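Order of appearance sets the numbers: ligands from 1, and atoms from 1 within every ligand. Note that the coordinates shown come from a computational prediction; the quantities given were computed from them, not determined experimentally. Values reported hereafter were calculated over all heavy atoms of this structure, with side chains retained and with hydrogens, waters and symmetry mates removed.
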Amino acid sequence: MKGVSIEEAIKISCKIPVEKKTEIVSLDDSIHRILAYDIISKVNDPRFDNSSMDGWAVKAKDCKKNGTILEIIGTNKTGSYISHSIKSGQACRIMTGAPIPKGADAIVIIEDTDIQGNNVIINGPARTEYVRKCGENISKGDKSLLGGTMLNSAEISLLATVGYDELEVIQRPKIAIISTGDELVRPGGKLLDGQIYESNSFGLSALVKKVGCEPIRFDIVQDTVDALRDALNEASKTCDAILTSGGVSMGKWDLVRKIMEEEGEIEFWKIKMRPGGPPLFGRWKKTPLFGLPGNPVSSHVVFIMLVFPWLSFSLGFDREKGPKLADRVNVVLETPLKGAPDKICLRRIKIINKNGILKATTNTHQGSGNINSMVTHNGLSLLPPNKDAKKDEIIDALWLR
Ligand code: AMP
Ligand code: MG
């Protein structure tokens, strides 16, 4: 299919997903990994009624008046498995996290009491809210995390809390990244006339890592069919998916498109978006392949708009808690924006929160070759086809992370 919308392109690509495989990792190695399945809590949290303060466990009704004297019957420590029980007129010393003695329903904090021999004098309120109730945070058997969640520090703490020391996570699919072009030189190398530093494979690798996959960066491939065929064959043998950069337009040396037409399978070519119009998607020897445009902004934007949703669908990322590259927001334009005929227009915009309202401006040349425009801005407009937007208009946008 030629010239599809972004939505159609995502739908088509999702029919050929990257295979989802899983592996077990220890909790220690789980930062930024993505849960393969929902996690069911093995325990109640809290596990038992316990105190949130150091103080005295009492009956609230005994402590209505300051100066009340209660008999001390013992101490409940954390980890002690014998728990006291109290009757009216009694108090039990208690530590934060220790079980509430039977008969007690409130805590008086230590600062509000004095000890006199075997008695404690209550000089402050007895608070029931200092009793942390069994299961009030999570009940045993509850779904405590959803499959597709990317694990950060809080999620990892929660996994430990609910009893998991190892987990089934999504195996990072290996994504081959192949930059093509006779003009390209590895950054830092000697540049001859007409040559430029190759940048896309590094930016794309970073994006691949950011969404929990493993980039395999290939050496730069020259613009010959044979070199390209060798690289694609190697990639399809060793990787789960292939991203190429460059060579998908109409030029004589746009060989990715040519070789895919002649020797691969193309599902779509060209998207109704600007920048990033010429990508293609298909298969090389059964391995899914995205052919991204060579212009650096285009390759970045196509990854965000097409490759990421495809990976997200393939691997089952959770919408809220899975890896994310952008948040969809409304912004008020401080400068007018020009749209594009028949294409959704993704201009680089700078989004600033001004007194709770998201305002957007543009501040550099917008060419798709200017990767600096992705650095000096932090968002993309989502201007519908054939739509120019005026100053002060509210538009949809992506706020990049
Ligand atoms: P192409 O898509 O191959 O026609 O390339 C479009 C533009 O992007 C040309 O100006 C290329 O020099 C540039 N370009 C292609 N690949 C890369 C790359 N990997 N890194 C930086 N620029 C590139
Ligand atoms: Mg090229």
Should the pair [X]-[Y] be classified as a salt bridge under the 4.0 Å nitrogen-to-oxygen rule?
X    : Y    : answer
K272 : D342 : no
D396 : R328 : yes
D254 : R257 : no
E7   : K11  : no

Under 6.0 Å between ring centres, would you say that holds for F290 and W310?
-> yes
By side-chain contact (heavy atoms from CB on, under 4.5 Å), which residues pair with K324, not counting sequence neighbours?
-> E320, D327, R401
List below, pair by pair, the N or O atoms of ligand 1 and of the protein that are less than 3.5 Å apart, including the distance to 0.1 Å; reply 'none' if no pair qualifies.
from, atom 1, to, atom 2, distance (Å)
ligand 1, 2 (O), G247, N, 3.4
ligand 1, 2 (O), G294, N, 2.9
ligand 1, 3 (O), G247, N, 3.0
ligand 1, 8 (O), G294, O, 3.3
ligand 1, 8 (O), N295, N, 3.2
ligand 1, 12 (O), E183, OE2, 2.5
ligand 1, 14 (N), G294, O, 3.3
ligand 1, 19 (N), S179, OG, 3.2
ligand 1, 19 (N), E198, OE2, 2.9
ligand 1, 20 (N), S199, N, 2.9
ligand 1, 20 (N), N200, N, 3.3

